[in-house]
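Taking it in order: structure first as structure tokens, then the write-up.
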Amino acid sequence: MGSGATTTQHSATPRLGAESGNIHRRTRRLTVVATITAHLIGAVVVVVLLLFVLPVPREFEGWTAASAAVVRRNLIAAMVYIGVIVPVGVALGLAQSRPTTRWLLEERAPTERERALTLRLGLRLLGMQTGLWAGAVVLFYLLNASTSTLLALEIAITVALGGLTTAAIAYLLAERFGRAMVGRALAGAPPRDYPVPGVAIRALFSWALGTAVPVFGVVAIAAVSLELPVSADRVAVAVLFLGVTALVVGLGAMILFVQSIANPLRTLRRALAQVEAGSLETQVAVDDASEVGFLQTAFNRMVAGLRERERLRDLFGRHVGQDVAGRALEKGVTLGGEERTAAVLFVDLVGSTTFAAHHAPSDVVATLNAFFAIVVESTQRHGGFVNKFEGDAALCIFGVPLGLEDAAGSALAAGRDMQARLTLELPLIRAGIGLSAGTVIAGNVGAADRFEYTVIGDPVNEAARLAELAKERPERIVASQTIVARAGRGEDIRWELREAVLLRGRARPTRLAIPASSVAKGTG
């Protein structure tokens, strides 16, 4: 049905309550309005065509006794018939809408049958109006057949045109007025192959109302003029009237049709702009069971998929780091690695087992979270990423997977920042920080169905051993001479070299470096 839906949250089930009652009352009221309006327009079309436009047999031209009797008889019949079919049409229209709107009145979701009836309300009103006017065609032909077969045929055709106009207007108005009800019926049940008119059929109805009826009238005038001696003035008036009718009524019909397509497309365009701006909570109301409704549903599914993809990407990024996640999504993932130059920071808590034994579990978890928050923030602030958490320790990498101009300097600055914050913000715990740099293998390690992005190499092992050593030193942070030598000017002068030590598991001694005295005191 026609759509003018605005961008909104489309819930899984319809919201019930007072709003449903309002939609129920509005639908029934608009059904009455559509029925009466359509019948009156159809009646006016018939009367105007017969009295002022269409040519008639010569014996009925002018205001003769014969023509007066014919006019009087047909007007009386028309008034009686209109007086009957309007209330009958209203009653039948309400009867058609009753099973359609009962679920709204009862404030519940529609059954599948009620949903189908709701979506086909416009077609059912169309069939009802067509049946009523088909009776009028037969009645007025029989009423005038004894007077003149040609006149009876002309009146019957004119009534048929009025009926076609009535049915088309009733259908288009029902489509227009039923948007809210259709949207409620489709909430939580996206459109599928319901037997409802699509965009092509709606365009055909608009064409029938705005073009077919007046053009058929012009054709009929031409045909009658060939058989009857009709004045040129009468033909000119008829063609002029029908031409103006085609312009005015055709414009109105096309406006109704275009709005039923343009409004939801305009809404989708605004929603797409919101999605492009990064709002993945945007959805549109599905209030159409035709191709437009499928488009609305496809948009909502697309946004839901993007939302799920973003959620998975966020979770993925939290596990492996946003840089690693972005690289994997951009280039894909394969097992294996590549040689890269990187700086490594390893941080490990001191006495975490003892701390856990003397504090409540909730306090332990809160302290660990605060510790890791400082680690992550300090690392990210200086361009690195936390590659993994290992119990109460963390491995932080600088220079992979994304290159970093001064990876060594960034790692050293992050280490100083991290140590200062841990000392200030978490005085109850202590941590050892070790830093190293060099060539590593960076890539995905594991099996085809379970792997992780990590770095392997001597700098990683050296940083871990330096972190163990740092736990025993008052500075709580130790770097290798190698990483200080690789650091850019400005960071290397903040460190001073100390003795060389043979770290556990290593064959050669490592020259140590600690923050310079002025830096350690916070003046550097």
Side-chain angles (χ1 to χ4, degrees), residues 340-350 371 374-388 390 392-400 404-424 430-440 442 455-524:
R340 298 284 297 273
T341 298
V344 180
L345 183 154
F346 198 88
V347 56
D348 191 7
L349 279 180
V350 178
F371 164 68
I374 292 174
V375 171
V376 171
E377 291 168 8
S378 297
T379 301
Q380 292 180 343
R381 182 181 296 117
H382 295 279
F385 85 97
V386 178
N387 179 239
K388 65 179 67 176
E390 298 177 347
D392 55 4
L395 173 63
C396 309
I397 309 298
F398 297 79
V400 291
L404 199 58
E405 183 176 353
D406 185 11
S410 298
L412 291 170
R416 292 189 297 103
D417 178 41
M418 191 182 300
Q419 175 59 17
R421 288 191 59 186
L422 289 173
T423 302
L424 178 64
R430 295 177 299 168
I433 301 174
L435 297 113
S436 183
T439 302
V440 299
V455 291
I456 300 173
D458 185 65
V460 179
N461 300 327
E462 187 173 54
R465 297 294 179 260
L466 288 171
E468 290 181 3
L469 179 63
K471 294 180 182 180
E472 309 300 328
R473 299 180 64 96
E475 301 89 357
R476 303 296 180 195
I477 178 170
V478 179
S480 68
Q481 179 187 17
T482 304
I483 187 173
V484 174
R486 290 173 177 266
R489 297 297 299 175
E491 183 58 38
D492 59 345
I493 63 175
R494 297 173 181 267
W495 295 77
E496 58 184 38
L497 297 178
R498 292 295 181 88
E499 73 277 14
V501 299
L502 185 62
L503 300 174
R504 180 171 61 88
R506 297 181 62 79
R508 291 180 298 178
T510 298
R511 183 81 181 271
L512 305 182
I514 62 172
S517 299
S518 60
V519 175
K521 294 177 181 178
T523 61

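Just so it is clear, the structure is predicted and the values come from calculations on it, not from any experiment.
- Taking both residues in full, the closest heavy atoms of R421 and S378 are given as CD-OG, 4.0 Å, listed atom of the first, atom of the second, then distance.
- F398 places a side-chain heavy atom less than 4.5 Å from the side chain of T379.
- For the pair G488 and D406, the tightest heavy-atom approach, listed with the atom from each and the gap, is N-OD2, 3.1 Å.
- To the nearest 0.5 Å, atoms CG (D392) and CZ (F371) are separated by 7.0 Å.
- Between the N387 side chain and the I397 main chain, no donor and acceptor come within less than 3.5 Å of each other.
- When every heavy atom of S410 is checked against every heavy atom of H382, the shortest pair comes out as CB-O, 3.2 Å.
- Distance OG1/T439 to CG/D458: 9.5 Å, rounded to 0.5 Å.
- At a threshold of 4.5 Å between non-hydrogen side-chain atoms, the residues R494 and E491 count as touching.
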Margin query: Does V386 form a side-chain contact (heavy atoms from CB on, under 4.5 Å) with L395? I'd like the steps, not just the answer.
Written below: CA-CA 6 Å; V386 178; L395 173 63; over 6 Å; no

Next item on the list: Verify side chain to side chain donor-acceptor pair (under 3.5 Å) between T510 and E462, making sure each step is shown before the conclusion.
Entry: CA-CA 9 Å; T510 298; E462 187 173 54; 3.0 Å; yes

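- Contact record, A411 with A343: CB-CB, 3.6 Å, taken as the closest heavy-atom pair.
- Considering CG of L345 and CG of L412, their distance stands at 9.0 Å, rounded to 0.5 Å.
- Considering all non-hydrogen atoms of both residues, G415 and I433 come closest at O-CD1, 3.9 Å.
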Notebook entry, point to check: Going through the distances and angles, do L497 and I514 end up as a side-chain contact (heavy atoms from CB on, under 4.5 Å)?
Noted result: CA-CA 7 Å; L497 297 178; I514 62 172; over 6 Å; no

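- Going from atom CZ of F385 over to atom CD of Q380 covers 10.5 Å, rounded to the nearest 0.5 Å.
- Put simply, OG on S436 and CG on N461 are 9.5 Å apart, with the number rounded to the nearest 0.5 Å.
- Taking the side-chain contact (heavy atoms from CB on, under 4.5 Å) definition, one finds that R465 meets it with E468, L503, R504, sequence neighbours left out.
- Of the charged side-chain nitrogens involved, none lies within less than 4.0 Å of a carboxylate oxygen, so that R486 and D492 do not count as a salt-bridged pair.
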Margin query: Under the criterion side-chain contact (heavy atoms from CB on, under 4.5 Å), I'd like the reasoning laid out for V455 against V400: C-alpha separation, chi angles, the key distance, then a yes or no.
Written below: CA-CA 9 Å; V455 291; V400 291; 3.7 Å; yes

Side-chain donor-acceptor contacts of residues 470-480 below 3.5 Å, not counting sequence neighbours, with atom names and distances?
{"unit_1": "K471", "atom_1": "NZ", "unit_2": "D348", "atom_2": "OD2", "d": "2.7"}
{"unit_1": "K471", "atom_1": "NZ", "unit_2": "L349", "atom_2": "O", "d": "3.4"}
{"unit_1": "R473", "atom_1": "NE", "unit_2": "E475", "atom_2": "OE1", "d": "3.4"}
{"unit_1": "R473", "atom_1": "NH1", "unit_2": "E499", "atom_2": "OE2", "d": "3.0"}
{"unit_1": "R476", "atom_1": "NH1", "unit_2": "K471", "atom_2": "O", "d": "2.0"}
{"unit_1": "S480", "atom_1": "OG", "unit_2": "I483", "atom_2": "N", "d": "3.4"}

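- For V350 against G432, the heavy-atom pair with the smallest separation is CG2-N, 4.1 Å.
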